[in-house]
Undergrad: 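What follows is a structure written as structure tokens; I'll ask about it next.
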Number of protein chains: 2
Amino acid sequence: MARAATTSDAFNAVAEPRRRDILNYLAMQERSVSDIVDAMEMEQPSVSKHLKVLKDVGLVEVRREGRQMLYKVNAMAIRPLHEWTSTFERLWKHQLLRIKERAEAKNEEKK
Amino acid sequence: MARAATTSDAFNAVAEPRRRDILNYLAMQERSVSDIVDAMEMEQPSVSKHLKVLKDVGLVEVRREGRQMLYKVNAMAIRPLHEWTSTFERLWKHQLLRIKERAEAKNEEKK
DNA sequence: AATATACATTCCTATATGGGAATATGTAAA
DNA sequence: TTTACATATTCCCATATAGGAATGTATATT
């Protein structure tokens, strides 16, 4: 079997750094494709293809305005990623605490 | 160009659902490969290969104990994902607020 | 030393890219 | 109705899987 499709879920879709760049850019406000092309410095077909992937997994929404297509983020679709990573938050906080404790113990030694 | 390697970063590594399953399992405690094989109901070579990807991006750490290799999560490596998703938190909270407001307005109508 | 156990690695293959180039589609302007 | 503009789609190809099968390697047991 090959790798799962980029359109299979949000996890696969955001694995591509350019798509995260696009989402970051759209986080500020709704934008046209050509705005994105200019900002990202990518070829227009590439941008359109990335936008298609993002749309397929529900990470962006589109509406037409004249000749332009205006894209915006659908933040709700990012929530599952946030929630999955949150389940590990307790672990890394604990890890950070231990690092801090060690640093303090080392400091105590010096005295 | 093809898709970026699964070992290029944590985003690509966790795109694969089986690897997230493994991380979820390891979140509870350090485990041997055969423990993982049993729990995940996957073939041992598959598990070993997924573990290699996770290790390459720093998502897990290993130590040997006799014949066994004990793997554990390195939660710190998940933080970048958490932080990236957090930048959209404001947006979905705003979205949820609007949904709530609409529901209340609709309720008001009924009266 | 021989054998068993626990993992890792290699080889194979179907599949899904992402980018570049070219082209198609849809809408507005002249 | 041409023409221009904005975006989407198609074709091509090098590349990287993920899983299955087979094999290699390290450590412990007998």
Side-chain angles (χ1 to χ4, degrees), chain A residues 1-26 29-73, chain B residues 1-23 25-26 29-72:
Chain A
M1 208 186 293
R3 227 201 288 198
T6 55
T7 51
S8 54
D9 58 30
F11 284 94
N12 279 281
V14 306
E16 168 64 31
R18 319 306 300 263
R19 284 196 283 269
R20 290 200 301 281
D21 290 343
I22 292 176
L23 289 173
N24 289 339
Y25 181 61
L26 292 178
Q29 65 176 96
E30 190 180 46
R31 294 287 194 177
S32 71
V33 176
S34 42
D35 279 349
I36 302 170
V37 169
D38 293 346
M40 302 290 112
E41 298 189 337
M42 299 172 62
E43 298 295 323
Q44 175 267 313
S46 280
V47 169
S48 284
K49 279 181 273 188
H50 283 311
L51 286 170
K52 177 168 170 42
V53 173
L54 293 174
K55 185 158 69 76
D56 284 353
V57 299
L59 279 163
V60 298
E61 287 168 0
V62 214
R63 69 188 176 90
R64 178 181 283 284
E65 190 166 297
R67 284 186 280 214
Q68 309 205 122
M69 298 297 272
L70 299 179
Y71 284 82
K72 66 175 175 185
V73 171
Chain B
M1 209 187 293
R3 225 202 289 199
T6 55
T7 51
S8 54
D9 58 29
F11 284 94
N12 279 281
V14 306
E16 168 64 31
R18 318 306 299 264
R19 284 195 284 268
R20 289 201 301 281
D21 290 343
I22 291 175
L23 289 173
Y25 181 61
L26 292 179
Q29 65 177 96
E30 191 180 46
R31 295 286 194 176
S32 71
V33 176
S34 42
D35 279 349
I36 302 171
V37 169
D38 293 347
M40 302 289 111
E41 298 188 336
M42 298 172 63
E43 298 295 325
Q44 176 266 312
S46 281
V47 170
S48 283
K49 278 181 274 187
H50 283 312
L51 287 171
K52 177 168 170 41
V53 172
L54 293 173
K55 185 159 69 77
D56 284 353
V57 299
L59 279 163
V60 298
E61 287 169 1
V62 213
R63 69 187 175 92
R64 178 182 283 282
E65 190 166 300
R67 283 187 282 216
Q68 309 206 120
M69 298 296 274
L70 300 179
Y71 284 82
K72 66 174 175 185

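So you know, we letter chains A, B, ... as the sequences are listed, proteins then strands, and number each from 1. Computation of the quantities below employed the complete heavy-atom set of this structure, encompassing side-chain atoms and omitting hydrogens, waters and symmetry-equivalent molecules. Since the model is a prediction, treat every value here as computed from it, not as a measurement.
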Undergrad: What is the separation between atom CD1 on B:I36 and atom P on C:dA8, rounded to the nearest whole Å?
TA: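 These atoms are roughly 9 Å apart.
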Undergrad: Will you find, in the side chains of B:H50 and B:R19, an N or O donor that is under 3.5 Å from an N or O acceptor?
TA: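 Their side chains do contain a donor-acceptor pair, which is all the 3.5 Å distance test asks for.
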Undergrad: More 5' along DNA chain C: B:S34 or A:M42, using each one's nearest nucleotide?
TA: B:S34
Undergrad: Which whole-number value in Å describes the distance from A:L54 CG to C:dG18 P?
TA: 11 Å
Undergrad: Does B:S48 reach a base, just sugar-phosphate, or nothing at all? Heavy atoms under 4.0 Å.
TA: base
Undergrad: Is the shortest side-chain N/O distance from B:S32 to OP1 or OP2 of C:dA6 below 4.0 Å?
TA: no
Undergrad: Measure the spacing between NZ of A:K49 and CD of A:E16 and express it to the nearest 0.5 Å.
TA: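 Interatomic distance, A:K49 NZ to A:E16 CD, rounded to 0.5 Å: 12.0 Å.
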Undergrad: Kindly indicate whether the side chain of A:L54, heavy atoms from C-beta on, has any atom under 4.5 Å from the side chain of A:Y71.
TA: no
Undergrad: Would you confirm whether B:N12, through its side chain, and A:A15, through its main-chain N or O, come within 3.5 Å as a donor-acceptor pair?
TA: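 Looks like yes, one N/O pair under 3.5 Å.
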Undergrad: Is there a donor N/O on one and an acceptor N/O on the other, under 3.5 Å, for the side chain of A:Q44 and the base of D:dA8?
TA: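 When only heavy-atom distances are counted, A:Q44 does reach the base of D:dA8 through a donor-acceptor pair under 3.5 Å.
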Undergrad: Backbone N or O of A:G66 within a donor-acceptor pair of the A:R64 side chain at under 3.5 Å?
TA: yes
Undergrad: To the nearest Å, give me how far apart CG (B:D35) and C1' (C:dT5) are.
TA: 14 Å
Undergrad: Send over the distance from B:K55 NZ to C:dC7 C1', rounded to a whole Å.
TA: 12 Å
Undergrad: Using a 4.0 Å cut-off on protein heavy atoms (strictly under), produce a 5'-to-3' string for nucleotides 10-18 of chain D with B for base contact, S for backbone-only sugar-phosphate contact, and - for none.
TA: B----BSBB
Undergrad: Any ion pair linking A:R63 and A:E61 (charged N to carboxylate O, less than 4.0 Å)?
TA: no
Undergrad: For residues 59-71 of chain A, which residues have at least one heavy atom under 4.0 Å from DNA chain D?
TA: A:R67, A:Q68, A:M69, A:Y71
Undergrad: Determine whether A:V37 and A:Q44 make a side-chain contact, defined as any pair of heavy atoms from C-beta on separated by less than 4.5 Å.
TA: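 In contact.
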Undergrad: Could you tell me the separation between the CD atom of A:E43 and the C1' atom of D:dA6, rounded to a whole number of Å?
TA: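 Going from CD in A:E43 over to C1' in D:dA6 covers 15 Å.
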